[in-house]
Amino acid sequence: MIEIYSQNFDDVWFSVACSQNQIISTSFSTSQQLTLSNILENLPFNIPFEVFHKPSAFAKTILSSLKAIYDGKNVNANFSLALTRLPPYTQKTLKATAQIPIGYIASYGAIAKAVGGGPRAVGNIMASNPFAPIIPCHRVVKSDFSLGGYGGGLKTKFDLLVKEKKGFLTSKDIEVNGRKLQVFPVEYSLRNSVAVFS
DNA sequence: TGCAAACCATAAC
DNA sequence: GTTATGGTTTGCA
């Protein structure tokens, strides 16, 4: 049985689908209906589910972590995510994305080079990330540092990155999948978007 | 800048 | 099997 919970913090809705202390999917949006339909799209079709109005203890910790991440806080969310039902390449790409530290961004192409495959394939996987914002697909941008796209709208992506600003000055390499992945300070990306979104 | 062509894993037929 | 679809990238005018 998959359990679905939904909670509002400061006018933003956060939802989670979980089963036996494993997270199947998470989502957030200003509309509760939207988060729920996002979640439902990611459910395995052959398992029954139920939507609950009172969060379980487990759900409470997840939902408040989602809110903390949304607020730009550095949460070490070591929840167990149900990745195995996803295609192997998708798993690999999501895991790589999860390693981008807060305050930094990486490009679709750079991730593609680290995990193998091409930039557009990576973009497609970001677009269908079942674990937003736990897996920080908002930290993935175009190679010219412009924002790229975002399921919840570009303004949301911009706001998230603003909240994650750490004042880092230079790029650095992190190790992903045994290969190097270059990440850049979020500021690189915000510079050119500020005029549009603020 | 702007456009065309290459790119590549998935999902949908 | 095959085709269509992008949250892309690169090169070239």
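Small disclaimer: the values here were computed from a predicted structure and weren't measured. Protein chains get the first letters and strands the later ones, always in sequence-line order, with residue 1 at the start of each. Only this structure's heavy atoms are used, side chains among them; waters, hydrogens and symmetry mates stay out.
Nearest heavy-atom pair, A/I69 versus A/L160, reported as atom, atom and distance to 0.1 Å: O-CD2, 4.5 Å. Minimum interatomic distance between A/G167 and A/E187 (heavy atoms only, all atoms of both residues): N-OE2, 2.9 Å. Minimum interatomic distance between A/P119 and A/A112 (heavy atoms only, all atoms of both residues): N-CB, 3.7 Å.
Going from atom CG of A/N129 over to atom C1' of B/dA9 covers 16 Å, rounded to whole Å. To the nearest angstrom, C1' of B/dT10 lies 14 Å from CZ of A/R85. Rounded to an integer number of Å, the gap from A/Q91 CD to B/dA9 C1' is 14 Å. In this structure, the NZ atom of A/K92 is 13 Å from the P atom of B/dC8, given to the nearest Å. One atom, CG of A/L86, and another, P of B/dA9, lie 16 Å apart when rounded to the nearest Å.
A/T93 comes within 4.0 angstrom of no nucleic acid atom, judged by non-hydrogen atoms across all strands. Residue A/Y89 is classed as a sugar-phosphate contact, given heavy-atom separations below 4.0 Å to backbone atoms only. Contact annotation for A/T90: backbone-only contact, meaning every heavy-atom pair under 4.0 Å involves sugar-phosphate atoms and none involves a base. Contact annotation for A/V122: no contact, since no heavy-atom pair falls under 4.0 Å across all strands. Residue-level contact check: A/G118 touches the backbone only, with heavy atoms under 4.0 Å from sugar-phosphate atoms and none from bases.
Looking at A/S6 and A/S15, their side chains do bring a donor and an acceptor atom within 3.5 Å of each other. Of the N and O atoms on the side chains of A/Q7 and A/Y5, not one donor lies less than 3.5 Å from an acceptor on the other residue.
Between chain A and DNA chain C, the heavy-atom contact criterion of under 4.0 Å yields a 5' to 3' nucleotide range of C/dG6 to C/dT10.
Placement of A/L94 and A/I102 in two distinct hydrophobic clusters is found when ILVMFWY residues are connected by side-chain heavy-atom separations under 4.5 Å, directly or transitively.
For the contact set between residues 172-186 of chain A and DNA chain C, defined by any heavy atom under 4.0 Å, there are no members.
Ring-plane geometry between A/F28 and A/F14 is classed as parallel, the angle between the planes falling under 30 degrees on a 0 to 90 degree scale with a further cut at 60.
Using Watson-Crick or G-U wobble geometry with both donor-acceptor distances under 3.5 Å, C/dG7 finds no partner in any strand shown.
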